[in-house]
Amino acid sequence: MPELPEVETVRKGLEQLVLNKKIKEVLVAWDRIIERPNIEDFTNQLIGEKIDSVSRRGKYLIFHLTHYDMISHLRMEGKFDYVQPDTSVTKHTHVRFIFTDHTELRYLDVRKFGRLTLLPKNTAMDYKGIKKLGPEPTPEEFLLESFNQQLKKHHKAIKPLLLDQTLITGLGNIYVDEALFKAKIHPEQTANTLTFDEVTRLHVAIINVLAQAVEAGGTTIRSYKNALGEAGTFQVNLMVYGKTGEPCPNCGTEITKIKVAQRGTHFCSLCQRIHL
DNA sequence: AATACTACCTGCGTGC
DNA sequence: TGCACGCAGGTAGTAT
């Protein structure tokens with residue numbers, strides 16, 4: 001489920017539910033979810049660890065434990081579920097963190113793309129996937145001039161460039177379509193051909209789209225009962241994503257769906273025009 | 001170095 | 001009803 005707003009919502013949920021819990025046992029049902037170390041070390045090293053805090057960088061969650069940093073990436077469908085003792089184990093439950101009070105944090109993932117990585121304390125920022133991330137999409141960290149300079153270096157469609165996480169972190173397939181629509185930029189416009197006006201609009205659109213989604217608690221497309229961060233959340237009002245054939249909120253033209261870099265892409269062919 | 005394609009998985013909707 | 005196929009909120013590895 002996760003782009004930045006959804007991951008942030010999960011982070012807040014975790015901080016409400018599992019802070020100061022002490023791990024008694026860890027059970028892994030699908031080995032490949034654990035990226036590092038091996039399963040035996042992963043499960044053994046976590047025993048006795050306490051969850052001090054949960055932070056986020058881009059779409060990565062970082063559990064700050066007594067002696068370790070545990071990184072979690074939900075990829076396409078990963079979810080956390082916090083359950084009471086003796087709750088039956090459902091299909092797609094791949095990792096169970098059992099606490100000393102017998103409650104559990106469970107990791108569920110239909111497609112098994114998500115990953116958990118256990119690293120020495122305070123080394124999460126050196127993790128390969130996190131190190132390459134661009135700035136967080138906030139006005140303080142995501143700077144227009146720098147963004148403009150970076151875009152000039154790339155002869156590639158703007159949409160896949162924004163999905164790459166290196167110029168800016170946090171956008172995924174939904175919010176990138178929404179941001180490009182807001183900025184009135186065609187998803188296949190080559191990055192280094194964007195005018196300064198367009199870059200300025202895009203910069204603001206990215207910050208606003210993600211901030212509003214965080215405010216709303218993220219967007220749930222396929223809802224999963226009981227999953228952390230998905231219960232009772234407000235839906236973000238999407239303008240183009242999943243709106244194929246519906247009228248554009250600006251001009252009434254039917255929203256078009258095409259494929260860009262293998263991803264479904266929604267846009268208004270009148271408001272978002274390619275130019276030289 | 002930058003870009004493009006594929007693999008990783010399961011489930012669901014669609015069309016024949 | 002059954003089956004094949006395409007599609008799904010992401011990233012990492014490999015090839016060019």
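What's counted below: heavy atoms across the whole structure, side chains too, no hydrogens, waters or symmetry copies. Since the model is a prediction, treat every value here as computed from it, not as a measurement. The chains referred to below are lettered A, B, ... by the order of the sequence lines, with proteins before strands, and numbering in each begins at 1.
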query = Counting a pair only when it is Watson-Crick or G-U and both distances are under 3.5 Å, which runs of at least 3 such pairs involve DNA chain B?
reply = B:2-8 with C:10-16, B:10-16 with C:2-8

Side-chain H-bond candidate by donor/acceptor type, A:Asn173 with A:Lys159, under 3.5 Å = yes

message = Nearest to the A:Lys156 side chain among C:dG10, B:dA4, C:dA8, which nucleotide is it?
response = B:dA4

ask   = If we ignore angles and hydrogens, is there a donor and acceptor under 3.5 Å between the side chains of A:Asp41 and A:Asn44?
value = no

inquiry  = Quick check on side chain to side chain contact (heavy atoms under 4.5 Å, CB included): which of A:Asp31, A:Val26, A:Thr117, A:Ile33 does A:Phe42 satisfy it with?
reply    = A:Val26

key: A:His92 vs B:dC9: side-chain N/O to OP1/OP2 distance below 4.0 Å   = no

query = Hey, is the side chain of A:Lys257 poking within less than 4.0 Å of OP1 or OP2 on C:dG6, counting only N and O atoms?
reply = no

ask   = So, A:Gln16 versus A:Tyr82: side-chain donor-acceptor pair below 3.5 Å or not?
value = no

key: Residues A:Tyr107 and A:Asp109: side-chain donor-acceptor under 3.5 angstrom   = yes

query = Atom CE of A:Met76 to atom C1' of C:dG10: distance rounded to whole Å?
reply = 6 Å

request  = List the steps and the verdict of salt bridge (charged side-chain N to carboxylate O under 4.0 Å, His left out) for A:Glu25 and A:Arg96.
outcome  = CA-CA 8 Å; A:Glu25 187 183 11; A:Arg96 299 169 64 192; over 6 Å; no

inquiry  = Distance check needed: C:dG6 P versus A:Ile258 CD1, whole Å only.
reply    = 19 Å

task = In whole angstrom, give the distance that lies between atom NZ of A:Lys79 and atom P of B:dT10.
result = 15 Å

message = If you only use heavy atoms from C-beta on, which nucleotide in C:dG10, B:dT3, C:dA8 is closest to the side chain of A:His155?
response = B:dT3

query = A:Lys259 side chain N/O closer than 4.0 Å to the phosphate oxygens (OP1, OP2) of C:dG6?
reply = no

message = Could you go through A:Ser55 and A:His64, starting from their C-alpha distance and side-chain angles, then the distance that decides it, and tell me whether this counts as side chain to side chain donor-acceptor pair (under 3.5 Å)?
response = CA-CA 8 Å; A:Ser55 65; A:His64 300 274; 2.6 Å; yes

key: Residue closer to the 5' end of DNA chain B, A:Ala261 versus A:Phe113 (nearest nucleotide)   = A:Ala261

query = Is the centre of the A:Phe63 ring less than 6.0 Å from the centre of the A:Phe80 ring?
reply = yes

key: Salt-bridge present (A:Glu8, A:Arg11; N to O < 4.0 Å)   = yes

request  = Please state how far atom NE2 in A:His154 lies from atom C1' in B:dA4, giving the value in whole angstrom units.
outcome  = 15 Å

Between C:dG13 and B:dC9 - P atom distance, rounded Å = 14 Å

message = Taking the minimum atom-to-atom distance to the side chain of A:Glu3, which one of C:dG10, C:dA8, B:dT3 wins?
response = C:dG10

request  = Let me know the distance between CG of A:Asp109 and C1' of C:dA8, rounded to the nearest Å.
outcome  = 13 Å

message = Does a side-chain N or O of A:Lys153 approach OP1 or OP2 of B:dA1 to a distance below 4.0 Å, or not?
response = no

Tabulate protein N/O versus nucleotide N/O from nucleotides 11-13 of chain C, keeping only pairs under 3.5 Å, one per line.
unit_1: C:dT11; atom_1: OP1; unit_2: A:His73; atom_2: NE2; d: 2.9
unit_1: C:dT11; atom_1: OP2; unit_2: A:Lys59; atom_2: NZ; d: 3.1
unit_1: C:dA12; atom_1: OP1; unit_2: A:Tyr60; atom_2: OH; d: 3.1
unit_1: C:dA12; atom_1: OP2; unit_2: A:Lys132; atom_2: NZ; d: 3.3
unit_1: C:dG13; atom_1: OP2; unit_2: A:Lys128; atom_2: NZ; d: 3.0

key: Rounded distance (Å) that lies between atom C1' of C:dG10 and atom CD1 of A:Ile71   = 16 Å

query = When all nucleic acid strands are considered with a 4.0 Å heavy-atom cut-off, which category describes A:Gly264: base, sugar-phosphate, or nothing?
reply = sugar-phosphate

task = Whole angstrom is fine here: how far is it from CZ in A:Arg32 over to C1' in B:dA7?
result = 9 Å

task = Round to a whole Å and report the spacing from NE2 of A:His266 to C1' of C:dA8.
result = 11 Å

request  = Count the heavy atoms of every other residue, nucleotide or ligand shown that sit under 6.0 Å from NE2 of A:His275, and state whether that count exceeds 12.
outcome  = yes

